Amino acid sequence: MEYVMPILMGSVLLYGLMRKVAVFDAFVAGAKEGMKILYDIAPTLIALIVGVSMLKSSGVMGAFCELLSPLCEKIGFPKELLPMTLLRPVSGGSSTALLSDVLKNYGPDSFIGRCASVIAGSTETTFYAISVYFSAVNIKKIRHTLFASLMADFTAAVLGVLSVNLFFSQ
Amino acid sequence: MINLAKGGTMLSYIFTFMVGVSVVFSLIFGSGDDLSRSITEGCGDAVELIITMSAMMCLWSGVMNVAKVSGLTEKISKLCAPILSFIFKDVDKNSKAFSYISMNVSANLLGLGNAATVLGIKAMKELAQDVRGNVASDSMVTFVVLNTASLQLLPTTIAAMRASYGSDSPFDIIFCVWFTSIIALMVGLSVNKIFMKTGSKKWNM
């Protein structure tokens, strides 16, 4: 698995060179784009990481998790992941701030850290996607779109935890 | 995929809620100095995260741009065509709508979020030509459900975050991510199919 990164990088670059693409120029142009994305998201991320940090220190987050922990225990879902998972379909920025909080506190290679990464990596900002695409064509009645999408998000939350249990022997 | 700039007005409520609730609770519990410290610490954490993940974000944006410029997007969209024509039975394989749909999917797979959104809107506009009124057609619903699932092959933002918090192998979650996203997508599409077959008129929202 540690070969995923280098092999992918190598094969993309080699493919580009074989297609006679100015590989390095394309790389630099793309990397600049990446820097621009980071520049655009930085203010959002700062605001929301501060928000999450405040929620935690005030004790609200802990109280919320405790409140829902009996339910979590019943279905075998780690309560530490609950805030992130619930906000994921609503706000990409907030759930990223919560993911970074989980990674910081439990470590990226811990069970909780891995589950959080998998859930974040296999879901999208559902409400945003729905509103962008339907408002672009003035559709008001979206029928079962939201229900089907949220069922997919729910599945991802459950399987995120199960798959980490399955693929990693803790 | 995570697109952090998403949210718009929703974030006004979320941010205000986060700060407001924290202030009220800490007034009740008298944890004022903790709250003040959390603001300073949060700022520090945020900047540290942004700086440590910046290099890896740039690196992958660069590599993915090489893939895009070399025509890998078109190649992937050709590979996806059989699966997509199975999912979108109502859409003609040679239509503009179909080609936008497959370009959107391959841009998503490569993690080119902005390009994917633009192509997706074009696909929706093509699909809207067959629709009268403001009710979504079957293929529109299917297309949006597909886009609310994560199709990205490499979760680069998450890997960058994992790396910045000192992960030994930031991409080691990749099989779990593939497994989870594929099954989640299949669940979403199956639910969609069931609603389409049974006639979802009473579920109209």
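Because the structure is predicted, anything quoted here is derived from the model rather than measured. We name chains A, B, ... by the order of the sequence lines, and we start the count at 1 in each one.
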Practice problem: Begin from the C-alpha positions of L59(B) and M9(A) and carry the test side chain to side chain contact (heavy atoms under 4.5 Å, CB included) through to its verdict. | Solution: CA-CA 10 Å; L59(B) 182 85; M9(A) 252 176 93; 4.1 Å; yes
Exercise. Look at the aromatic rings of F167(A) and F175(B) and report parallel, tilted or perpendicular, splitting at 30° and 60°.
Key: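 It falls in the parallel class, under 30°.
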Quiz prompt | Aromatic plane relationship, F147(A) with F195(B) - under 30° parallel, 30 to 60° tilted, over 60° perpendicular | solution =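 The arrangement is perpendicular - the two ring planes meet at more than 60°.
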Against chain B, label [X] side chain, backbone, both or neither, depending on which of its atoms sit under 4.5 Å from a heavy atom there.
X	answer
L162(A)	neither
V23(A)	both
V52(A)	both

Quiz item: For S122(A) and T180(B), what are the C-alpha separation, side-chain angles and deciding distance, and is it a side chain to side chain donor-acceptor pair (under 3.5 Å)?
Solution: CA-CA 6 Å; S122(A) 31; T180(B) 306; 4.5 Å; no
Out of curiosity, [X] [atom1] to [Y] [atom2], how far, rounded to the nearest 0.5 Å?
X	Y	atom1	atom2	result
S163(A)	I173(B)	OG	CD1	9.5 Å
R37(B)	M54(A)	CZ	CE	13.5 Å
E41(B)	I49(A)	CD	CD1	13.0 Å
L38(A)	T157(B)	CG	OG1	9.0 Å
S137(B)	R143(A)	OG	CZ	7.5 Å
L14(A)	S70(B)	CG	OG	10.5 Å

Any non-hydrogen side-chain atom of [X] less than 4.5 Å from a side-chain atom of [Y]?
X	Y	value
R162(B)	D109(A)	yes
D172(B)	R114(A)	yes
E33(A)	N65(B)	no
H144(A)	V191(B)	no
T123(A)	S150(B)	no
L49(B)	K104(A)	no

Looking at [options], which one has more heavy-atom pairs under 4.5 Å with chain A than the rest?
options	result
L35(B), V69(B), V23(B)	L35(B)
A136(B), S164(B), G188(B)	A136(B)
C43(B), A46(B), G44(B)	A46(B)
F143(B), F29(B), F15(B), F17(B)	F15(B)
I182(B), T156(B), D138(B)	D138(B)
L27(B), L146(B), D45(B), V24(B)	D45(B)

Least distance between heavy atoms, [X] atom then [Y] atom:
X	Y	result
G51(A)	S22(B)	O-OG, 4.5 Å
Y133(A)	M124(B)	O-CE, 3.6 Å
A148(A)	V145(B)	CB-CG2, 3.9 Å
I14(B)	S94(A)	CG2-OG, 3.5 Å
L159(A)	F179(B)	CD2-CE2, 4.2 Å
S58(A)	F25(B)	O-CB, 4.0 Å

Contact part of [X] toward chain A, heavy-atom cut-off under 4.5 Å: side chain, backbone, both or neither?
X	value
A116(B)	backbone
M64(B)	side chain
A67(B)	both
Y165(B)	both
W178(B)	neither
S31(B)	side chain
K75(B)	side chain

Among [options], who wins on heavy-atom pairs under 4.5 Å with chain B?
options	result
G34(A), A42(A), S100(A), G16(A)	S100(A)
P108(A), A152(A), A29(A)	P108(A)
L150(A), V50(A), L87(A), V158(A)	V50(A)
D153(A), V118(A), D101(A)	V118(A)

Quiz item: Could you walk me through whether T155(A) and M186(B) pass the side chain to side chain contact (heavy atoms under 4.5 Å, CB included) check?
Solution: CA-CA 10 Å; T155(A) 311; M186(B) 292 200 308; over 6 Å; no
Practice problem: Would you check, one step at a time, whether the test side chain to side chain contact (heavy atoms under 4.5 Å, CB included) holds for N138(A) with N134(B)? | Solution: CA-CA 7 Å; N138(A) 282 318; N134(B) 58 6; over 6 Å; no
Quiz item: Side chains of S149(A) and T148(B): is there a donor and an acceptor less than 3.5 Å apart?
Solution: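 Yes, because at least one side-chain N or O of S149(A) sits under 3.5 Å from a partner of the opposite role on T148(B).
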Quiz item: In terms of heavy-atom contacts, does OH of Y15(A) have more than 12 from other residues, nucleotides or ligands at under 6.0 Å?
Solution: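 More than 12 heavy atoms, drawn from other residues, nucleotides or ligands, come within 6.0 Å of this atom.
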Exercise. Would you sort out whether I142(A) and V141(B) count as a side chain to side chain contact (heavy atoms under 4.5 Å, CB included), showing the intermediate values?
Key: CA-CA 7 Å; I142(A) 63 166; V141(B) 174; over 6 Å; no
